[in-house]
Amino acid sequence: MREKLEKIKAEALGQIEASDGLEKLNEIRVAYLGKKGQLTSVLKSMKDVAPEDRPKVGQLVNEARELIENRLEETRKELARRAREIQLKKEVIDVTLPAKKANIGHSHPNTIALEEVERIFIGMGYEVVEGPEIELDEYNFTKLNIPPNHPAKDEQDTFYINKDIVLRTQTSPVQARTMEKGKLPIRMISPGRVFRSDEVDATHSPSFHQVEGLVIDKHITFADLKGTLAEFARELFGEETRVKFRPHHFPFTEPSAEVDVSCFKCGGKGCRFCKGSGWIEILGCGMVHPHVLEMCGIDPQEYTGFAFGVGLERIALLKYEIDDMRLLYENDIRFLKQF
């Protein structure tokens with residue numbers, strides 16, 4: 001029995017010494033110390049040993065077990081230490097190497113243009129106000145003096161969710177909601193996405209962005225509107241920029257006008273960019289219609305105001321000389337990198 005135990009012990013220690021991984025160690029543990037292992041088999045055969053020899057054999061088995069267990073644990077720790085060393089060598093950082101260049105993105109042309117517009121009007125004391133893109137027909141049309149039979153309400157121009165709810169066709173509903181709150185005076189701009197049933201081409205899209213402005217106070221005149229938009233044009237396109245107002249019609253303003261700015265490419269002399277006219281159309285504006293004030297709970301005898309609206313994409317197209325609106329939405333990295 002002693003010789004058998006010595007042989008088992010020698011085989012186990014030899015295999016432990018030759019092992020090269022934790023998985024192999026576990027296999028050795030099971031083979032010698034498991035329920036069906038060789039040392040366990042020896043213990044089970046104790047019934048065949050003479051009674052007077054059993055204590056001695058039991059002691060030898062326990063000594064062999066203890067030796068194998070200790071050697072397994074020592075080897076396990078050594079293998080774990082080697083694995084850590086190898087991992088640490090892989091993770092060594094050479095601080096003298098040049099850093100990897102971070103691939104940082106940048107703002108979209110629309111965002112750049114919007115931030116510029118907001119900066120200008122905030123500098124004039126305006127507040128930026130946002131509102132819902134899914135809007136009630138009442139705010140999108142009725143409170144803006146657009147009657148039920150108006151062409152703008154045609155399904156060919158407006159996306160209807162049902163007869164009372166639409167995707168807003170302009171950001172003017174935000175102005176109506178602000179006026180209803182009754183906190184006067186008002187100086188605000190309302191930027192945001194709007195929706196119209198347009199075919200996609202170089203200058204049209206069913207989803208685009210607007211920035212609309214509103215001022216309501218006592219003694220506001222058309223001269224205030226002209227001065228505000230002239231300052232806006234100079235800040236946006238350069239100090240030499242001039243503005244020209246042409247009569248127009250909008251349901252929610254009276255009188256109404258469209259505004260042109262002198263071509264910032266040729267200085268008004270006429271070029272390809274302004275189609276030889278020296279002027280570029282940029283926005284629509286006017287004095288807030290008294291009926292709109294009344295519907296929003298403001299006394300038109302005491303308060304007056306002006307409103308204006310500009311397409312954000314139009315500003316981006318003009319300012320960065322982009323000739324096709326679709327480029328703004330195609331996410332072509334070659335185009336976007338220019339900004």
Side-chain angles (χ1 to χ4, degrees), residues 109-110 112-124 126-129 144-146 152 168-176 186-196 198 203-205 208-216 220-265 268 273-275 277-289 292 305-322 325 328:
N110 269 358
I112 298 171
L114 176 59
E115 289 174 349
E116 178 70 4
V117 171
E118 288 182 346
R119 181 192 64 80
I120 293 169
F121 281 105
I122 289 173
M124 295 183 190
Y126 284 61
E127 179 185 5
V128 179
V129 182
L144 298 176
N145 206 33
I146 300 176
R168 68 180 180 187
T169 58
Q170 55 206 346
T171 57
S172 299
V174 183
Q175 300 175 354
I186 298 171
R187 285 175 177 79
M188 61 168 283
I189 58 170
S190 52
R193 187 191 303 271
V194 299
F195 307 87
R196 294 182 189 176
D198 287 333
T203 57
H204 295 85
S205 171
F208 56 100
H209 299 79
Q210 280 189 339
V211 181
E212 300 198 34
L214 174 71
V215 171
I216 303 291
I220 296 294
T221 68
F222 204 93
D224 297 310
L225 171 60
K226 291 180 68 176
T228 297
L229 296 182
E231 179 64 20
F232 167 64
R234 285 193 293 268
E235 286 282 339
L236 191 63
F237 298 113
E239 281 295 325
E240 303 302 319
T241 305
R242 293 170 287 120
V243 296
K244 178 174 68 174
F245 288 73
R246 292 180 285 105
H248 197 68
H249 169 72
F250 299 111
F252 35 86
T253 54
E254 180 60 37
S256 305
E258 284 192 336
V259 180
D260 300 336
V261 295
S262 56
C263 180
F264 43 86
K265 291 291 289 182
F273 197 71
C274 61
K275 300 179 181 178
S277 68
W279 296 92
I280 300 171
E281 180 187 331
I282 184 173
L283 56 82
C285 65
M287 300 300 293
V288 179
H289 199 291
V292 173
F306 63 76
F308 56 87
V310 58
L312 186 62
E313 281 81 359
R314 179 154 185 78
I315 291 178
L317 295 178
L318 291 173
K319 192 169 179 64
Y320 305 116
E321 300 182 31
I322 303 168
M325 184 178 180
L328 296 173

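One-based numbering along the sequence shown. All values below come from the heavy atoms of this structure, side chains included, with hydrogens, waters and symmetry mates left out. Here the structure is a predicted model, which is why all the values come from computation and not from measurement.
The two atoms that bring Leu225 and Ala307 nearest to each other are CD1-O, 4.4 Å, heavy atoms only. Across all non-hydrogen atoms, the minimal contact from Pro109 to Ala316 is O-CB, 4.4 Å. Here the closest heavy-atom approach between residue Thr228 and residue Met124 is recorded as O-CE, 3.9 Å.
Under the 4.5 Å side-chain criterion, counting only non-hydrogen atoms from C-beta, Pro251 is not in contact with Leu144. Inter-residue side-chain proximity for Phe237 and Ile280 is flagged as unmet; no heavy-atom pair is nearer than 4.5 Å. Looking at Arg193 and Phe195, their side chains come closer than 4.5 Å, going by heavy atoms from C-beta outward. Between Val211 and Phe121 there is no side-chain heavy-atom pair separated by less than 4.5 Å. A 4.5 Å side-chain heavy-atom check between Cys285 and Leu229 finds at least one atom pair inside the cut-off. For the pair Met287/Ile220, a side-chain contact is recorded, criterion being any heavy-atom separation below 4.5 Å from C-beta on. By the 4.5 Å heavy-atom criterion applied to side chains, Phe252 and Val288 are not counted as neighbours. In this structure the side chain of Cys263 never reaches within 4.5 angstrom of the side chain of Trp279, judged on heavy atoms.
Here the side chain of Ser190 pairs no donor or acceptor atom with the backbone of Gln175 at under 3.5 angstrom. In this structure, the side chain of Asn145 does not engage the main chain of Val292 through any donor-acceptor pair within 3.5 Å.
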Identify all side-chain donor-acceptor contacts of residues 241-249 below 3.5 Å with residues at least two apart in sequence or on another chain.
residue: Thr241; atom: OG1; partner: Gly238; partner atom: O; Å: 2.9
residue: Arg246; atom: NE; partner: Asp260; partner atom: OD2; Å: 2.7
residue: Arg246; atom: NH1; partner: Glu258; partner atom: OE1; Å: 3.4
residue: Arg246; atom: NH2; partner: Glu258; partner atom: OE1; Å: 3.3
residue: Arg246; atom: NH2; partner: Asp260; partner atom: OD1; Å: 2.9

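Listed by first and then second residue, the salt bridge (charged side-chain N to carboxylate O under 4.0 Å, His left out) pairs involving residues 311-322 are Lys265-Glu321 (not counting sequence neighbours). Pairs of residues two or more places apart, or lying in two chains, that qualify as side-chain hydrogen bond (donor to acceptor under 3.5 Å, both in side chains) and include a residue from residues 112-121 are Glu116-Arg119.
Residue Ile189 holds its CD1 atom at 6.0 Å from CD1 of Ile122, rounded to the nearest 0.5 Å. Atom OG1 of Thr169 and atom CG of Asp198 lie 10.5 Å apart (nearest 0.5 Å). For the atom pair OG1 (Thr171) and CD (Glu212), the distance works out to 3.5 Å, reported to the nearest 0.5 Å. One finds the CD1 atom of Ile282 at 6.0 Å from the CG atom of Leu236 (value rounded to the nearest 0.5 Å). Taken to the nearest 0.5 Å, the CD1 atom of Ile112 stands 5.0 Å off from the OH atom of Tyr320. A distance of 9.0 Å separates CZ of Arg168 from CD of Gln210, quoted to the nearest 0.5 Å.
Note: Tyr126 and Phe232 fail the aromatic proximity criterion, with ring centroids not under 6.0 Å apart. Ring centroid separation for the pair Phe222 and Phe306 does not come in under the 6.0 Å cut-off.
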Go through the steps to decide whether His289 and Phe250 satisfy the test side-chain contact (heavy atoms from CB on, under 4.5 Å), and finish with yes or no. CA-CA 9 Å; His289 199 291; Phe250 299 111; over 6 Å; no

Step by step, work out the side-chain contact (heavy atoms from CB on, under 4.5 Å) result for Leu114 and His209. CA-CA 10 Å; Leu114 176 59; His209 299 79; over 6 Å; no

Yes or no on side-chain contact (heavy atoms from CB on, under 4.5 Å) for Asp224 and Val215, after CA distance, side-chain angles and deciding distance? CA-CA 10 Å; Asp224 297 310; Val215 171; over 6 Å; no

